[in-house]
Novice: 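Take a look at the following structure, please.
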2 protein chains.
Amino acid sequence: MTRQEATHTQRIPLNRDRVLRAAVALADATGIDALSMRRLAQELDVVPMALYKHVANKEELLDGMADAVVGEIDPPAAGPDWRRVVRGRILSARRVLLRHPWAARVIESRTGPTPAVLAYLDTMAGSFREGGLSADLTHHVMHAMGSRLLGFSQELFDTSGPSGPPDPALAARYPHIAELAATAAHDGGSTVGGGCDDQFEFEFALDLLLDGFETLRRQGWTSERKA
Amino acid sequence: MTRQEATHTQRIPLNRDRVLRAAVALADATGIDALSMRRLAQELDVVPMALYKHVANKEELLDGMADAVVGEIDPPAAGPDWRRVVRGRILSARRVLLRHPWAARVIESRTGPTPAVLAYLDTMAGSFREGGLSADLTHHVMHAMGSRLLGFSQELFDTSGPSGPPDPALAARYPHIAELAATAAHDGGSTVGGGCDDQFEFEFALDLLLDGFETLRRQGWTSERKA
DNA sequence: ACTCTAGGTGTACGGCGTACACTCGTCAAG
DNA sequence: CTTGACGAGTGTACGCCGTACACCTAGAGT
């Protein structure tokens, strides 16, 4: 403590958690494409190679980031109606994913499930089972939900955009799309999907699926395929 | 024609189409991660910068590849049952995407819809409309299908893998997942999702959605939200 | 006092996308 | 036949990336 105590506050030593948090913050702020090991190191006032004492490589960094985000999802609420329980939790996941727009792509790009994702899926499966769905049906149901389980509906293209006036040439080439765009006539029509209420679309599909599952459950549905 | 006519067949000049086809073939063969401008140029016996006379940059190359793949999807068959028409076309899309496993990720990563994708979605919307769904319902229905429209069910994690014996420690930590895995007991049980019949899962969700849509159509469903 | 070690450093390598200036063959206009 | 424009392919170079590897250093345990 003899010298250089005031020039800059002495460093808190790095650790895996600080690295992951900084990475998430950086991705939130500048987008996932701008997240490089070098840029992240710079954000932490450290030389790039220092990061490798805490994460094995960039893939593992991304694994950790995915887990951190999934860990933000609320646990399932208690309740007698399994559809409400599942619906609420998925909407919580959706809120988390909207806070971290890069996360959907990162989660998808993981080659294997990370621990937090496994834990999430496990309790989700538990909610279905507790609601009375057979293990068999639960299995197919979770596949059917796909990435919607984690709150992203996989919107093919981001619905934001310049949203100029409808292009008549485009409308001529793609008449049906133009018709749909015209139908979504609220706060500024746009070309293909702009002006849609994403939340509504998400819940529309979610409820359609949950209702379908409930119908199958009541019917005692089973996959009677043999081998 | 005086010299070097036999050393190597004289070059067919490059063009955009040859570049795209080579890129698709290279991605098919070696994976999308191994597709670099330099590697592609090498495959075409050309210096890397030569490619830039035919595509503006790598993003545009990927756009072109996505379009080439989407162009492989069959046009809709004719028929009175809209569900059969849509179902058949989507399964065609799925076959295409299975031929080009990298394509789903590439299509997702496009920031805007490419012409072939627009054309595909347009005729798909046409099939719904012709089946008697309102423009309103068609709109939401297409959102609900999400990427399934293009044949990929977004399987969160690839179902292939080492597929070792079920890990008892994992089973203890994730009991519900273990139960589901045990249920999918055919040709070799695996840890989380292995051993599933992907095609079955895809069609399960597809048919659940299509049946739900048909029910809504018969009910004259409309989104009566105001503003 | 000595060693061990965890964490941070510095240098370097190979690969990437691509900007920019160039060469060269073809072909139409003069 | 000359010439000049032009489109296709070339060569060099820059800045970024992830990360291997050797090194240093401060503090803890003996």
Side-chain angles (χ1 to χ4, degrees), chain A residues 1-24 26-27 29-66 102 105-106 109-111, chain B residues 1-24 26-27 29-66 102 105-106 109-111:
Chain A
M1 63 177 66
T2 59
R3 59 177 68 188
Q4 74 184 18
E5 74 281 26
T7 61
H8 39 57
T9 67
Q10 74 264 34
R11 311 260 233 91
I12 313 156
L14 232 43
N15 58 46
R16 187 180 158 92
D17 229 62
R18 251 169 44 81
V19 169
L20 291 181
R21 277 217 290 259
V24 167
L26 185 55
T30 68
I32 194 67
D33 288 341
L35 176 78
S36 69
M37 298 299 274
R38 298 170 122 101
R39 180 91 178 66
L40 175 58
Q42 173 180 323
E43 209 74 12
L44 290 162
D45 269 324
V46 117
V47 92
M49 287 310 293
L51 301 176
Y52 288 86
K53 296 288 166 136
H54 306 282
V55 297
N57 48 47
K58 190 175 184 182
E59 282 303 292
E60 208 208 73
L61 175 77
L62 292 172
D63 282 354
M65 293 170 68
W102 48 270
R105 191 178 303 283
V106 168
S109 73
R110 301 304 84 204
T111 57
Chain B
M1 60 179 67
T2 58
R3 57 176 72 187
Q4 75 182 17
E5 74 281 26
T7 62
H8 39 55
T9 69
Q10 74 265 32
R11 310 261 233 93
I12 313 157
L14 232 45
N15 58 45
R16 189 180 156 90
D17 228 64
R18 251 167 48 80
V19 169
L20 291 181
R21 277 216 290 259
V24 167
L26 186 55
T30 68
I32 194 66
D33 288 340
L35 176 77
S36 69
M37 297 299 275
R38 296 169 122 100
R39 180 90 177 68
L40 175 58
Q42 173 179 323
E43 209 73 12
L44 289 162
D45 269 326
V46 116
V47 93
M49 286 311 293
L51 301 176
Y52 288 87
K53 299 289 178 181
H54 306 283
V55 297
N57 49 48
K58 191 175 185 183
E59 283 301 292
E60 209 209 71
L61 175 77
L62 293 173
D63 281 354
M65 294 171 68
W102 47 271
R105 191 176 304 282
V106 168
S109 72
R110 299 307 82 206
T111 58

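Quick note: numbers below take in every heavy atom, side chains included, and nothing from hydrogens, waters or symmetry partners. Owing to the predicted nature of the structure, the values given are computational and were not obtained by experimental measurement. We name chains A, B, ... by the order of the sequence lines, and we start the count at 1 in each one.
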Novice: Donor-acceptor check, side chain of R18(A) to backbone of L44(A), threshold 3.5 angstrom: yes or no?
Specialist: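 No.
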Novice: Given that N57(A) and A50(B) both sit by DNA chain D, which one's nearest nucleotide is further toward the 5' end?
Specialist: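 Result: A50(B).
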Novice: Just compare dT18(C), dT10(D), dT19(D) and give me whichever is closest to any side-chain atom of P48(A).
Specialist: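 Within the option list, the nearest is dT19(D).
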Novice: Please confirm whether any donor atom in the side chain of R38(A) sits under 3.5 Å from an acceptor in the base of dG18(D), or the reverse.
Specialist: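 Per atom types, the contact qualifies.
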Novice: State, to 0.1 Å, how close V106(A) and A66(A) come at their nearest heavy-atom pair, and which atoms those are.
Specialist: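 Nearest heavy atoms, V106(A) then A66(A): CG1-CB, 4.3 Å.
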Novice: Here's a test of your reading of the structure: between S36(A) and A56(A), which maps to the more 5' nucleotide of DNA chain D?
Specialist: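 Counting from the 5' end, the first nearest nucleotide belongs to S36(A).
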Novice: Choose from dG8(C), dT12(D), dG9(D) the nucleotide whose nearest atom is closest to any side-chain atom of L14(B).
Specialist: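 Nearest listed nucleotide: dG9(D).
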Novice: Distance check needed: dC16(C) C1' versus Q42(B) CD, whole Å only.
Specialist: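 Atom-to-atom, Q42(B) to dC16(C), this comes out as 14 Å.
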Novice: Rounded off to whole Å, could you give me the CE-to-C1' distance for the M49(B) and dC14(D) pair?
Specialist: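 Roughly 12 Å, once rounded to whole Å.
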Novice: Just how far, in rounded Å, is C1' of dC17(D) from CG of L51(A)?
Specialist: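 Atom-to-atom, L51(A) to dC17(D), this comes out as 14 Å.
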Novice: Do M37(B) and M49(B) come close enough that some side-chain heavy atom pair is under 4.5 Å?
Specialist: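 No, side chains not in contact.
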Novice: Within this structure, what is the CG-to-C1' distance between L44(B) and dT10(D), rounded to whole angstrom?
Specialist: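 Computing the L44(B):CG to dT10(D):C1' distance gives 15 Å.
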Novice: Using a cut-off of strictly less than 4.0 Å, decide whether K53(B) has a side-chain nitrogen or oxygen near OP1 or OP2 of dG9(D).
Specialist: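 It does not, given that no N or O in the side chain of K53(B) lies less than 4.0 Å from OP1 or OP2 of dG9(D).
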Novice: Can you measure L40(B) atom CG to dG17(C) atom P for me and round it to whole angstrom units?
Specialist: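 Whole-Å distance recorded here is 10 Å.
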Novice: How would you label the contact of M37(B) with the nucleic acid (heavy atoms, under 4.0 Å): base, sugar-phosphate, or nothing?
Specialist: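 The answer is sugar-phosphate, as M37(B) gets under 4.0 Å only of primed atoms, P, OP1 or OP2.
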Novice: Could you give the CZ-to-C1' distance, from R16(A) to dG7(C), as a whole number of Å?
Specialist: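 Rounded to whole Å, this separation is 16 Å.
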Novice: Could you state the CG-P distance from L35(A) to dG18(D), rounded to the nearest angstrom?
Specialist: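 Nearest whole value for this atom pair: 8 Å.
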Novice: K58(A) has a side chain; which of dT10(D), dT19(D), dT9(C) sits nearest to it?
Specialist: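 So the nucleotide nearest the side chain must be dT19(D).
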Novice: Quick one: are I32(B) and M65(B) in side-chain contact, heavy atoms under 4.5 Å?
Specialist: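 The answer is yes; the side chains approach within 4.5 Å.
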Novice: Any salt bridge linking R38(B) with E43(B)? Criterion: basic side-chain nitrogen under 4.0 Å from a carboxylate oxygen.
Specialist: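 Looking at R38(B) and E43(B), the cut-off is not met.
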Novice: Using whole Å, report how far OH of Y52(B) lies from C1' of dC22(C).
Specialist: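 Value for this atom pair: 18 Å.
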Novice: Taking only side-chain nitrogens and oxygens of H54(A), does any of them come within less than 4.0 Å of OP1 or OP2 of dG8(C)?
Specialist: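 For H54(A), the contact criterion (side-chain N or O under 4.0 Å from OP1 or OP2 of dG8(C)) is met.
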